[in-house]
**Student:** 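For reference, the structure I am asking about is given below.
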Amino acid sequence: MPSQSDALERAAAAGDTAACGRLAVQYWWGIARAPNRERALFWAERSSDPLAQFIRAECLADWRMLPPQPRRADSLAAAALLPLQRRALEGDGDLDATVALAEYYRRGLGGVVPSEDTATALLERAAARGSPRAAFLLALGRTDSTAQAMLEQASAGEVVAAMVLRARHLLADTATAGRALRLLERADQLGSPDAALLLGGCYDSGTGVVRNPVRALQFIAIAADRGSVAAMVELWYRTLHGIGMPSDTVGALVWLLRALAESSRNDRSAVVDLAVALCDTLPMVTRRFGDAAAVIARWYGPERLDSAARVYLLTGDGVRVWKAWWRPSVAAPLHLVLHHSGAALVQAGDALIPARWRWVGPSQLRVLTDDKQQGTVTVAALADGLCALRWNGELALYTPLSSTRLHTDARLRHEELLRPQIEMLSPRVGDDYVRLRIRAQNIPPSGVVLLPIGLAGDRRARSAEIGVSAHTLWRIWDDGIYELLWQPSAEEVAGKIESKGILFLQCIWQYEGTDQTMIVKSQPFTIPLRWQHR
C-alpha cells in the first residue's frame with residue numbers, strides 16, 4: 001500500500017496547496033523525512049499558507065542557501081507574523097504555528113524583539129499538547145531526566161534528528177541496542193545521512209547485528225552521498241589505506257576535498273587540520289592534490305553555478321576570508337579577504353594590501369593588487385568550504401576561516417572589511433522622544449540589527465549604568481545616514497538619569513552564519529523634561 005508520505009507528495013504535485021504547505025514544514029523541520037532546505041523552499045513557494053510563508057522566509061534567510069535573500073525573508077516573516085499569532089494563540093492553538101511563533105521570539109524574526117523566556121513558554125505549551133518538534137527543541141536544551149522522555153515523544157512523531165539522537169543514547173547499552181537499530185533503520189528509510197553512518201558503524205563493529213564489513217561500507221557510502229562529512233572522512237581513510245577496497249591515493253584525496261567543500265563551519269577546522277597534518281607527514285601523497293583538485297572541479301566547477309551563487313560562495317554574509325592551507329609555491333598569498341562590493345585585501349609578505357576583484361568569464365577571477373600590477377587567478381573548484389585556485393600557474397587550495405579562527409588573528413580581526421562600521425551622531429531631541437542619527441558603513445547583505453540596551457548619565461561613560469530588556473528593534477540594510485525614533489520605558493530613566501544621557505546600542509549581524517556583535521554609544525544629549533519627571 002502507498003505510504004502516507006507518498007500520498008502527500010502526490011497531492012502536492014497535483015496542486016493541493018495545503019499539501020504543499022505541509023511538505024514545506026516536514027522538509028524544513030525534518031518530520032517524517034530527512035531535512036532538505038531546497039525541497040522545503042520548493043513546496044513553500046507553492047503555498048499561500050502563513051506557516052509555509054514562514055518556512056519560505058526561513059529558507060531565504062538561511063546563510064547556507066544559495067544565494068541568501070535576507071531582506072525578502074524579513075518581509076515575508078513580518079507578513080506571516082500576525083496570522084501565525086492568531087492561529088497559535090486563539091482557541092486550542094495550532095501546534096505548528098506555536099512552534100513557528102517560538103522561533104520568532106527566539107531569533108527576533110519579522111521585527112519581534114527576541115525573548116528566550118517567551119520562546120521556551122511557547123514550546124513547553126506545544127510539547128504538552130503533543131508537538132514532536134517542540135519536544136525535540138526542548139530536549140536539546142536540557143540534561144535532566146525529562147530530556148529522554150521528550151526525545152521519545154519526538155521520535156514517536158518521526159522527527160528524524162530526534163530518532164538519531166535517541167538511538168545514540170540507546171546504543172550505549174547492549175540491552176537497548178535492538179531498539180536503537182529499529183530507530184536507525186526507520187531514520188535511514190526517511191533519508192537520514194547520520195542514521196546511515198551509525199548503521200555502518202554497527203555493522204562494522206557488530207553492535208546489535210552480525211558483523212558485516214561489506215554492508216558497513218555500503219552504509220558509509222550512502223551517508224557520504226547524502227552529505228555526511230564524517231562519512232567522507234571515513235571513506236578518505238579507508239580508500240587511502242585500502243581498508244575493504246583497493247588503495248587509491250587520488251580517490252582518497254578526492255574524498256578529503258569533498259569533506260572540506262561540504263563541511264559546516266563547526267566541522268571545517270577539524271577537516272582542515274587533518275589535511276594540513278597529511279601535508280606535513282605524507283609529502284608523497286600530497287603531491288597528488290593537483291590531480292584530486294581536477295576531479296573535484298567536476299562537482300564544484302564554477303561554470304555550473306550562476307553569478308549570484310558564485311559571488312555568495314566567495315563572500316558569505318558580505319565578507320569571506322580565504323586561507324591557503326596547501327600550495328606548492330609562495331606565489332599564492334596566504335590570505336585573501338574578499339568583500340561583496342569588490343573590495344579586497346591580499347596578503348603580501350606580512351602585510352595586507354588593498355585590492356579589487358571581479359569575475360572574468362564563467363571560471364576566472366581577477367584580483368588587482370595595485371594600479372600597475374595585476375594577477376589573474378583561474379578558479380578550478382569552488383564550494384562553500386573549498387576553493388582551488390591557480391595563481392600564476394601554481395595550484396593553491398583555500399578554505400574560509402571560521403569565525404573563531406578569525407577572532408584569534410588580530411591582523412584580520414581589525415580590518416574594516418570584516419565588520420560593519422556604525423557611528424552614533426548627536427541625537428535631535430523631540431518633545432517625547434529622541435531622534436537618533438546613525439551613520440552606517442560597510443553593512444553586510446544580511447543587514448545589521450540595532451537594539452537599545454541601556455542609558456548612561458556620564459558623558460565619559462564607557463558602558464551603560466543600567467541594563468534593560470530592549471523594547472525597540474531596528475534593522476539597517478544599506479550604507480547611509482539614518483534617523484530613528486527612540487523613547488525609553490519609565491524604568492530606564494526614573495530616578496537614575498538627570499539632564500544628560502548617552503544611549504548604548506548593541507549591533508548584531510551574521511558572519512559565516514554566526515551572530516557577531518559590537519556596542520556603540522551616542523554623543524551626550526539632553527534628556528527631555530517629561531522623562532526626568534516620570
**Student:** To check you understand the geometry: which heavy-atom pair defines the closest contact between Leu95 and Ala126, and what is its length?
**Tutor:** CD2-O, 3.9 Å
**Student:** CG of Leu197 to CG of Asp188: how many Å apart, nearest 0.5 Å?
**Tutor:** 11.0 Å
**Student:** Within a strict 4.5 Å, meaning less than it, do heavy atoms of the Leu389 and Trp322 side chains meet?
**Tutor:** no
**Student:** Ion pair present between Arg320 and Asp384, side-chain N to carboxylate O less than 4.0 angstrom?
**Tutor:** yes
**Student:** Any sub-3.5 Å donor-acceptor pair from Arg226's side-chain atoms to Ser192's backbone N or O?
**Tutor:** yes
**Student:** Using a strict cut-off of less than 4.0 Å between a Lys/Arg side-chain nitrogen and an Asp/Glu carboxylate oxygen, indicate whether Asp273 and Arg405 qualify as a salt bridge.
**Tutor:** yes
**Student:** So, is the end of the Arg133 side chain (NZ or CZ) under 6.0 Å from the ring centre of Phe136 and within 45° of the ring's axis?
**Tutor:** no
**Student:** Between Asp16 and Arg22, does at least one N-O distance fall below 4.0 Å, as a salt bridge requires?
**Tutor:** no
**Student:** Taking NZ, NE, NH1 and NH2 as the nitrogens, is one of them in Asp49 or Arg87 under 4.0 Å from a carboxylate oxygen of the other?
**Tutor:**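 Answer for the salt bridge query: yes.
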**Student:** Measure the spacing between CD1 of Ile508 and CG of Leu451 and express it to the nearest 0.5 Å.
**Tutor:**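 Reported value, rounded in 0.5 Å steps: 4.5 Å.
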**Student:** Atom CD1 of Ile438 and atom CG of Leu484: how far apart are they, to the nearest 0.5 Å?
**Tutor:**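 So the CD1 of Ile438 and the CG of Leu484 are separated by 4.5 Å.
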**Student:** To the closest 0.5 Å, what do you measure between CG (Leu184) and CZ (Arg168)?
**Tutor:**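 Rounded to the nearest 0.5 Å, the CG-CZ separation comes to 8.5 Å.
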**Student:** For Ala134 and Leu123, which heavy atoms make the closest approach, and how far apart are they?
**Tutor:** CB-O, 3.5 Å
**Student:** Kindly indicate, with the supporting measurements, whether the criterion side chain to side chain contact (heavy atoms under 4.5 Å, CB included) is fulfilled by Asp96 and Trp29.
**Tutor:** CA-CA 10 Å; Asp96 289 338; Trp29 284 341; 3.8 Å; yes
**Student:** What residue among His407, Gln510, Arg419 forms side chain to side chain donor-acceptor pair (under 3.5 Å) with Gln516?
**Tutor:**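 With Gln516 as partner, His407, Gln510, Arg419 yield a single side chain to side chain donor-acceptor pair (under 3.5 Å), made by His407.
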**Student:** Going from CG on Leu260 to CG on Leu386, what distance comes out if it is rounded to the nearest 0.5 angstrom?
**Tutor:** 6.0 Å
**Student:** Is a side-chain donor or acceptor of Arg268 paired with a backbone partner of Ser263 at a separation under 3.5 angstrom?
**Tutor:**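 Indeed, once roles are kept as given, a pair shorter than 3.5 Å links the two residues.
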**Student:** Nearest 0.5 Å please: distance from the CG atom of Leu181 over to the OG1 atom of Thr176.
**Tutor:**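 Leu181 atom CG to Thr176 atom OG1 measures 10.0 Å (nearest 0.5 Å).
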**Student:** Is any side-chain heavy atom of Leu345 closer than 4.5 Å to one of His335?
**Tutor:**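 No, too far: nothing below the 4.5 Å cut-off.
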**Student:** Can you tell if the side chain of Pro444 reaches within under 4.5 Å of the side chain of Tyr511, non-hydrogen atoms only?
**Tutor:**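 SC-SC contact between Pro444 and Tyr511 ruled out.
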**Student:** For the side chain of Arg129 and the backbone of Asp92, is there at least one donor-acceptor N/O pair under 3.5 Å apart?
**Tutor:** yes
**Student:** Are any non-hydrogen side-chain atoms of Pro114 and Leu473 less than 4.5 angstrom apart?
**Tutor:** yes
**Student:** Should Trp43 and Leu8 count as side-chain neighbours, where that means a heavy-atom distance under 4.5 Å?
**Tutor:**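 SC-SC contact between Trp43 and Leu8 ruled out.
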**Student:** Quick one, Thr120 and Glu116 - any side-chain contact, counting heavy atoms below 4.5 Å?
**Tutor:**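 Yes, close enough: below the 4.5 Å cut-off.
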**Student:** Going by heavy atoms in the side chains, are Glu158 and Arg33 under 4.5 Å from each other?
**Tutor:** no
**Student:** Is it true that a side-chain atom of Arg475 and a backbone atom of Ser446 form a donor plus acceptor pair closer than 3.5 Å?
**Tutor:** yes
**Student:** With heavy-atom distances below 4.5 Å as the criterion, would you say the side chains of Ile519 and Ile453 are in contact?
**Tutor:** yes
**Student:** Looking only at non-hydrogen atoms, find the nearest pair between Pro83 and Pro50 and report the distance.
**Tutor:**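 Scanning both residues, the minimum pair turns out to be CB-CG, 3.6 Å.
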**Student:** Assess whether side chain to side chain contact (heavy atoms under 4.5 Å, CB included) is satisfied between Trp325 and Leu397, documenting all intermediate values.
**Tutor:** CA-CA 6 Å; Trp325 55 268; Leu397 296 176; 3.8 Å; yes
**Student:** Does Glu416 have more than 12 heavy atoms from other residues, nucleotides or ligands lying within 6.0 Å of its CD?
**Tutor:** no
**Student:** Are Glu103 and Arg106 within salt-bridge range, i.e. N to O under 4.0 Å?
**Tutor:** yes
**Student:** Which atom pair, heavy atoms only, marks the closest approach of Asp74 to Gly110?
**Tutor:**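 Taking Asp74 first and Gly110 second, the nearest heavy atoms are OD1-N, 3.7 Å.
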**Student:** Strictly distance-based, threshold 3.5 Å: is any side-chain N or O of Ser47 a donor or acceptor partner for the main-chain N or O of Cys20?
**Tutor:** no
**Student:** Taking Arg72 first and then Glu45, would you say they form a salt bridge - that is, a charged N and a carboxylate O separated by under 4.0 Å?
**Tutor:** no
**Student:** Has Tyr104 got a side-chain atom pairing as donor or acceptor with Ala77's backbone, closer than 3.5 angstrom?
**Tutor:**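 Looks like yes, one N/O pair under 3.5 Å.
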